[in-house]
Amino acid sequence: MLPPVDIGHIASELARLFEEIERVQDEGAPNIEPRPEVLRAGLAALLGTLSAAEADTLDASAAELHARTGTSPEALLDHGLDLLAQLS
């Protein structure tokens with residue numbers, strides 16, 4: 001079984017990576033689309049939603065995510081993976 005996901009650690013690591021991306025862009029790297037700031041905002045919003053919906057069980061977390069977003073955890077996961085794919 002996998003250990004629990006530490007959303008705070010993921011958010012912290014993403015912030016570090018985005019700072020590096022922004023530094024490279026400031027040094028004259030070609031612009032990329034979508035802009036890293038857009039992806040950063042999207043990932044931050046997603047992680048905030050996931051963090052706010054954390055509950056004692058997976059079923060309770062899924063229900064809370066659905067109540068907050070109107071969508072399934074799988075759809076949110078797909079969205080997060082899409083944002084990461086765009087960033088890569």
Side-chain angles (χ1 to χ4, degrees):
M1 177 184 282
L2 294 173
V5 174
D6 183 349
I7 294 173
H9 176 72
I10 293 169
S12 161
E13 189 63 15
L14 282 171
R16 186 187 66 74
L17 293 171
F18 275 108
E19 287 173 9
E20 181 67 15
I21 289 167
E22 290 167 7
R23 182 190 61 75
V24 169
Q25 276 199 305
D26 289 345
E27 292 175 354
N31 287 333
I32 59 172
E33 291 296 330
R35 301 282 304 153
E37 300 84 16
V38 172
L39 298 173
R40 184 179 198 169
L43 285 164
L46 177 61
L47 291 174
T49 298
L50 293 174
S51 182
E54 283 185 304
D56 293 334
T57 67
L58 289 176
D59 288 339
S61 291
E64 183 62 26
L65 279 172
H66 189 270
R68 288 175 178 271
T69 66
T71 193
S72 70
E74 292 82 10
L76 293 171
L77 174 62
D78 287 344
H79 177 62
L81 291 173
D82 182 53
L83 290 172
L84 290 173
Q86 289 180 57
L87 180 61
S88 68

Contacts satisfying salt bridge (charged side-chain N to carboxylate O under 4.0 Å, His left out) that involve residues 30-43 (not counting sequence neighbours) are Glu22-Arg40, Arg35-Glu37

Would you mind listing every side chain to side chain donor-acceptor pair (under 3.5 Å) that reaches into residues 55-71, with sequence neighbours excluded?
-> Glu64-Arg68

Let me check something: any side-chain donor-acceptor pairs from residues 74-88 under 3.5 Å, sequence neighbours excluded? List them with distances.
{"from": "Glu74", "atom 1": "OE1", "to": "Ser72", "atom 2": "OG", "distance (Å)": "3.4"}
{"from": "Asp82", "atom 1": "OD2", "to": "Gln86", "atom 2": "NE2", "distance (Å)": "2.9"}
{"from": "Ser88", "atom 1": "OG", "to": "Ala85", "atom 2": "O", "distance (Å)": "2.7"}

Checking salt bridge (charged side-chain N to carboxylate O under 4.0 Å, His left out) for the pair Arg23/Glu19: CA distance, chi angles, key distance, verdict?
-> CA-CA 6 Å; Arg23 182 190 61 75; Glu19 287 173 9; over 6 Å; no

Distance (rounded to the nearest 0.5 Å) between Leu14 CG and Leu43 CG = 5.5 Å

Pair listing, side chain to side chain donor-acceptor pair (under 3.5 Å) test, anchored in residues 45-54, at least two apart = none

Arg16 meets the side chain to side chain donor-acceptor pair (under 3.5 Å) criterion, sequence neighbours left out, with Glu13

Ala62 meets the side chain to side chain contact (heavy atoms under 4.5 Å, CB included) criterion, sequence neighbours left out, with Pro73

To the nearest 0.5 angstrom, please state how far the CG atom of Leu39 sits from the CG atom of Leu46.
-> 12.0 Å

